[in-house]
Amino acid sequence: MSSSIPHDRLTGALRRQSVKKNVAAIHVSGKLTLLQRKLSNVLLLNAYDSLVTRSKHQIDARTLCMMVGYNSNDMDTLKQSLRSLAETTAEWDMLDANGRQEWGVSALLSYAKLSAGVCEYAYSPALAEKLHDPKVFALINLNIQRRFTSGHALALYENCYRFLRTGSTGWWPIDLFRRLMGLDGSAYYESFKHLNAKIIKPAVAEVNKTSNILITPELHKMGRQVSEIRFLIKENPQLAMLDIDDGEGLRQGAVYTALMELGVSDRLARQWISQHGEDYVSEKIVYLKGRGGVDSPVGYLSAALKNDYKAEKPVAPTPKAKAAAV
DNA sequence: GAGAGTTCCGCAAACACGCT
DNA sequence: AGCGTGTTTGCGGAACTCTC
């Protein structure tokens, strides 16, 4: 190209305080389950402030479980997840401060250990430096990520969100897209129709339903074959960032309290309320209380919600509930 | 016929969570 | 803190239609 503009002074580069790092250039290879993705984000968030100043970080294991929305006492699963994070690599390909191309690879966590209920972990110095970027921080919106139920949807969200200002992602060769979703190495998904049916459609639907962006897939074909994909991205007016709460609001409600008293688990209670609405759930609770003699209230309530039991004339209860009612 | 698109099914692994 | 168990998710596949 001809334009090596000489009057663009070197001092210009010196004056520029903020070096633009390309967040899009960090990507994680291999497959992470939803729990693992959430976990890595929580760990990063926890470490963020001291990312470059301290070489190791700590978080209470209980808090950790709570923040990823994982309510179980099963430490084995947590261990498994931490292990896979340590085994997973992150790769970056970006311009360094001098405008030179830099490529690098690092384990997501250099180590993690659990002792006395505290989880201690560390990032490799090189990765920590890459991660210490306000844009990365903004990306990790816990309130949003906690809402996702599918790992693919969260992966898609993470890969799309940073293009919000641009309005669309670039055209991704299908190959690249598969890698972004952590699906490479699967013969099954080499067929686009399968990829579309199992991954793209459900993930797009979930992103649009639960996050603060709306995405629309667009396809490029070469002949009949789909060769590239991109996503148009808009803000989701229905779900501005501020409107999204993490279920804490629900936990204050009377319906939630009533469910807890019946012995319903936290997760299920939130799921029912958000799925059916408070009124409907509370109607069924009233109905349940009117029945009496039910020895598995939770199971009965579950059936009542699903089959819309009415006070006048109960629809045939499930076998289990029927047995319980005798 | 080749590939997309859709709708079923089944299995294994991951996960949730009460119980002890 | 770990075990047992029921549920959900991920993944592969079959069958069938639709459109170039």
Side-chain angles (χ1 to χ4, degrees), chain A residues 30-40 42 60-85 87-88 113-119 145-157 174 177-207 209-210 217-229 247 259-272 274-275 295-303 305-306 318-321 324:
Chain A
K31 307 167 192 214
L32 288 181
T33 67
L34 180 67
L35 178 64
Q36 288 157 1
R37 275 176 187 281
K38 288 178 175 175
L39 195 59
S40 69
V42 170
D60 181 61
R62 273 267 202 63
T63 317
L64 185 57
C65 289
M66 226 177 62
M67 288 183 78
V68 293
Y70 168 66
N71 20 5
S72 160
N73 291 324
D74 192 350
M75 286 295 138
D76 245 23
T77 315
L78 183 60
K79 275 184 224 162
Q80 272 300 124
S81 302
L82 286 171
R83 172 178 328 175
S84 43
L85 288 187
E87 284 168 357
T88 304
K113 66 180 188 184
L114 286 167
S115 80
V118 173
C119 173
Q145 74 167 24
R146 202 163 7 181
R147 300 166 64 93
F148 284 102
T149 59
S150 141
H152 299 312
L154 180 55
L156 184 61
Y157 173 78
I174 292 301
F177 178 73
R178 266 193 226 104
R179 235 175 311 137
L180 290 174
M181 292 289 112
L183 296 169
D184 49 338
S186 160
Y188 185 67
Y189 292 119
E190 274 166 29
S191 151
F192 181 80
K193 65 173 176 177
H194 292 143
L195 186 67
N196 195 22
K198 305 286 178 145
I199 307 293
I200 302 176
K201 291 207 165 175
V204 165
E206 186 169 354
V207 167
K209 199 180 74 195
T210 62
E218 278 198 335
L219 306 176
H220 239 175
K221 292 192 179 183
M222 281 182 56
R224 282 179 200 157
Q225 206 160 5
V226 177
S227 58
E228 294 182 311
I229 187 169
L259 287 174
M260 289 317 264
E261 276 165 13
L262 286 170
V264 178
S265 70
D266 171 73
R267 196 184 72 93
L268 206 52
R270 279 183 289 136
Q271 187 186 317
W272 283 348
S274 55
Q275 194 176 336
D295 84 2
S296 166
V298 179
Y300 191 88
L301 189 57
S302 161
L305 285 166
K306 199 186 291 173
T318 63
K320 189 182 167 193

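Each chain gets a letter, A, B and so on, in the order its sequence line appears, and its residues count up from 1.
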- Task: Starting at the 5' end of nucleotides 1-9 of chain B, put B wherever the base has a protein heavy atom under 4.0 Å, S where only the sugar-phosphate does, and a dash everywhere else.
- Result: BB-BBB-B-
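Dashed line: the shortest gap from a side-chain N or O of A:His152 to OP1 or OP2 of C:dT9 is not under 4.0 Å.
Atom CG of A:Leu78 and atom P of B:dC17 are 15 Å apart (whole Å). Remark: P of C:dG12 and CG of A:Leu195 are 11 Å apart, rounded to the nearest angstrom. Regarding A:Gln80, its CD atom lies at a distance of 14 Å from the P atom of B:dA16, rounded to whole Å.
Annotation: side chain of A:Leu156 is not in contact with side chain of A:Ile199 (no heavy-atom distance under 4.5 Å). For the pair A:Ser227 and A:Ile174, the minimum side-chain heavy-atom distance is 4.5 Å or more. Looking only at side-chain heavy atoms (C-beta outward), A:Leu195 and A:Arg178 come within less than 4.5 Å of each other.
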- Query: side chain to side chain contact (heavy atoms under 4.5 Å, CB included) between A:Lys201 and A:Asn196: does it pass, once the steps are laid out?
  - Reply: CA-CA 6 Å; A:Lys201 291 207 165 175; A:Asn196 195 22; 3.6 Å; yes
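Distance CZ/A:Phe177 to CZ/A:Phe192: 8.0 Å, rounded to 0.5 Å. Distance check: A:Glu206 CD to A:His152 NE2 gives 10.5 Å after rounding to the nearest 0.5 Å.
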